[in-house]
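Here the structure is laid out as structure tokens; the discussion comes afterwards.
Each chain gets a letter, A, B and so on, in the order the sequences are listed, and its residues count up from 1. What's counted below: heavy atoms across the whole structure, side chains too, no hydrogens, waters or symmetry copies.
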Amino acid sequence: MKTKIQVIDADYTINGDTPEIQLYGKTQKGENILAVDTNFRPYFYATPVNDLEELREAIEKEEFTDDNGEKLEVTKIEEVEKFDGHEEVEALKVYTTVPPNVPKIEKQVYDMHETSECREYDIPFYKRYLIDKNIRPVKTIEIEGEEATAEGFNKKVEIESIETVEETELEFEELAFDLEVYEGEIIMASFASKNYTKLLTTEEIDREAVETVENERNLLKRFIEIVDERDVDVLTGYNTDEYDFQRLRERCEEHNIELSLGRDGERMKFKRRGRFSGARLKGRMHLDLYPFIEHILAPGIDSETLDLDSVAQEMLGREKDDLSWEEMKQSWEEKEDLEEFADYALKDAELAYELAQEIIPQMLELSRITGLIPFDTCRLTYGQLTENYLLREAFERDMISPNRPTRSERRKRQNQGAYSGGFVYEPDSGLHENIAVLDFRSLYPTVMVSHNISPDTLNIEDCSDEFEMDKFNYTFCQDFQGFFPELVENLVEERYKLKSNLDDYEDGSKKYNSINNRQKALKLLANSYYGYLGYNGARWYSRESAEATTYMGREYIQETIQKAEEKGFEVVYGDTDSLFIQKENLKEEMDDFLLEVNENLPRFMELELEGVFTRGFFTSTDSGGGAKKKYALLSEDGSMKITGFEQVRRDWSPIAKDTQKQVLEHVLNERTDEAIELVKTVIQRLKDGEVPPEELRIYTTLTKPPEEYDSTAPHVEAVKKAKDRGDDIEAETTISYVVTRGTGNISSRAELTKYAEDYDAEYYIENQIIPVSLRVLKVFGYTEGQLLGKGRQSGLGRFN
DNA sequence: CTTGACCGGGG
DNA sequence: GTGTACGGTCAAG
């Protein structure tokens, strides 16, 4: 019987001397399928110094053994013709019995003098299988084979054939969760899903979602039951790898409970991945939102910090919660206002669930494109994401992939130092009216395609059409399309097709969202190639390609700036792929300018209008020039776009950040006088002691126990004093402090916000308000003295 | 300027 | 587990 499934997870086990691939799939009806394949064998490639036969004989003769003297069997050797970049090569495909033998045999083969190189010996077995069988997770495949039963699954299929078929839509059962921990014990576990919320806790709390359990032990048992009962496909949360699952494991060990969250009841296992560990649940997708946000989405997020509250605020437009951990701890200790605490705990699970609705479809789309299982997609970095796609595309083109660089090779690459990046045009500081912002659509990808910049077109011998740059002594061959340009072009073109299809569907409809997620994923991938080429851990590392790409990027932006000036535009600013221009009759002339620039660009490149802004403000550097990458724009609809200012950083007090934002707002609306007044008012309020501590607190995180700090930074001193008062402050605490009045340096006067009985108005004026305000106002010639005015010091900076 | 330690998210 | 992978900032040297 044939079964259509979407693979959601993949793994392998070893039975005796036979590896068994295990695919976990869902059918459209929601059945869970375990598909196994026992016919796939591990292998790697070896290339000869002289000829294939000599190497084959040498390998056949050689006895391979592991450290214990156990024999490592080479079961088969095939002669294959492959491409190494653009070059044809002959190689041996060397097979063995079980996957862990591969790197061991490889090392010994590599040491043989008949061997030139070994390749593809470090590709995890389940990935190898998915690549070789052209299976892409979360895409629909049809499998056929003998069927049997398996614990925890509707059925097991012994794969005999696999076919890719038309997509079927299916819904996954998703569940977001969050834990609250107090003094090392889990006191709450909250869950959120579609039309479902639940809060497990050991207290009686008057909230509908609350289920009271007797103790932590029962809480853990119920946790496991809930995941099982709900038949969860996607378990999600925020930083669950590094926090929640660590706690779950510790507490389960303490209570001697097996954390059996796998579909077949297997216990959760941490899978080491460099500096991270991923919590793996067999047959389910545990997708932690945080690593994906940190690695993949962060560049597109404005928020300075990536905590759940900030990210949810930005992506979902949700209000921030201001219940502090201090307050929650107190509420738990005194068993007061537990309802509020419960609401907070539930809200975190709900935020994670809502965020998951935005993010997980993007992750799954990336899995469909790159062929990685969602567990990997969610935790990989940009470079690794790109690389996995390249491995698959290389396989389809009969290419053998380059090896990963060794540590020393990576160091060597790093020591070459940085190459020049984008071009930044120094602005004139001050206000500018009526600005058009133009930018090159996907500058680097389109440059790579236009000039066929690729590791495999670099310095080709016998090339008839070479692309040369004056600055460098290498060339890119134009006789054939390179690997990277081909991939980028395909991705960009597929994305355009999708984007034009988008108009056929209603905004927000299922189909619209699915196409939109796919186009976003394609954009992400297309934009990743340039960075990948310059990433020192890349298999296809090519400093020349990366350097040539930014060089050509600079050429294009500078040419465009020059052309704009020739046409009588005033260029205000430009950064890498954008330029800000102004002129009388801007709107009319800008279109002609765009048209003319685009006519002269290579086919694939395009300069676009990002928007027209009423006014822009550029600040200056200490030495007086216009500062780069720090500006604010006022849109025609009155909204403000701020780039680069302190406003978004958390090591500034709310009052400083807020003052800066308002100063910018006034300045952009040509009310500089009011900006001065505003600053003076804030200064006066500070002097009068009218400012509440919440506006003065400065946040930092304690990463180790306070006593282990050598430094006398303000936050450390504040914590030490709090400890002397009997507070129990552990490592890993985010604290906020206020600088209070008194004598001595700033550190000695820092107190935790809750212990601050007064504040040092002078500190806040001199070190917070003045610097952030002057950052803007010095451009207009204002000085510290003018901001300080003659405001009379009336109060003593004491809280009322 | 270079080098090494620290830090992120979570409670 | 076909193991052992970040990147930026800041203070000290």
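With sequence neighbours left out, A:E334 forms a salt bridge (Lys or Arg N to Asp or Glu O under 4.0 Å) with no residue at all. In terms of the side-chain hydrogen bond (donor to acceptor under 3.5 Å, both in side chains) criterion, residue partners of A:T381 (sequence neighbours excluded) are, by chain and number, A:Q384. A search for salt bridge (Lys or Arg N to Asp or Glu O under 4.0 Å) contacts involving A:K82 returns A:D398, not counting sequence neighbours. The salt bridge (Lys or Arg N to Asp or Glu O under 4.0 Å) check on A:D122 picks up A:R539, with sequence neighbours excluded. Residues that satisfy the salt bridge (Lys or Arg N to Asp or Glu O under 4.0 Å) test with A:K269, not counting sequence neighbours, are A:E266.
No engagement by A:R119 is indicated, since no non-hydrogen atom pair under 4.0 Å with the nucleic acid exists.
Spacing of C1' atoms, C:dG7 relative to B:dG11, comes out at 26 Å, to the nearest Å. For the C1' atoms, the distance from B:dG10 to C:dA5 is 22 Å, rounded to whole Å.
Atom NZ of A:K269 is separated from atom C1' of C:dG1 by 11 Å (rounded to the nearest Å).
Taking only side-chain atoms of A:L308, from C-beta outward, the nucleotide of B:dG10, C:dG1, C:dA5 with the closest atom is B:dG10. For A:Q384, taking side-chain heavy atoms from C-beta onward, the closest of the listed nucleotides C:dA5, B:dG9, C:dG1 is C:dA5. The nucleotide whose nearest atom lies closest to any side-chain atom of A:D178 is, among B:dG8, B:dG11, C:dT4, B:dG11. Relative to the side chain of A:R404, the nucleotides B:dG10, B:dG8, C:dT4 differ in distance, and C:dT4 lies closest.
Contacts between residues 348-356 of chain A and DNA chain C, defined by a heavy-atom separation under 4.0 Å, are absent.
At a threshold of 4.0 Å, the pair A:K628-A:D575 does not count as salt-bridged, since none of the basic side-chain nitrogens sits closer than that to a carboxylate oxygen.
Within the 4.0 Å cut-off from OP1 or OP2 of C:dG3, not a single side-chain nitrogen or oxygen of A:R275 is found.
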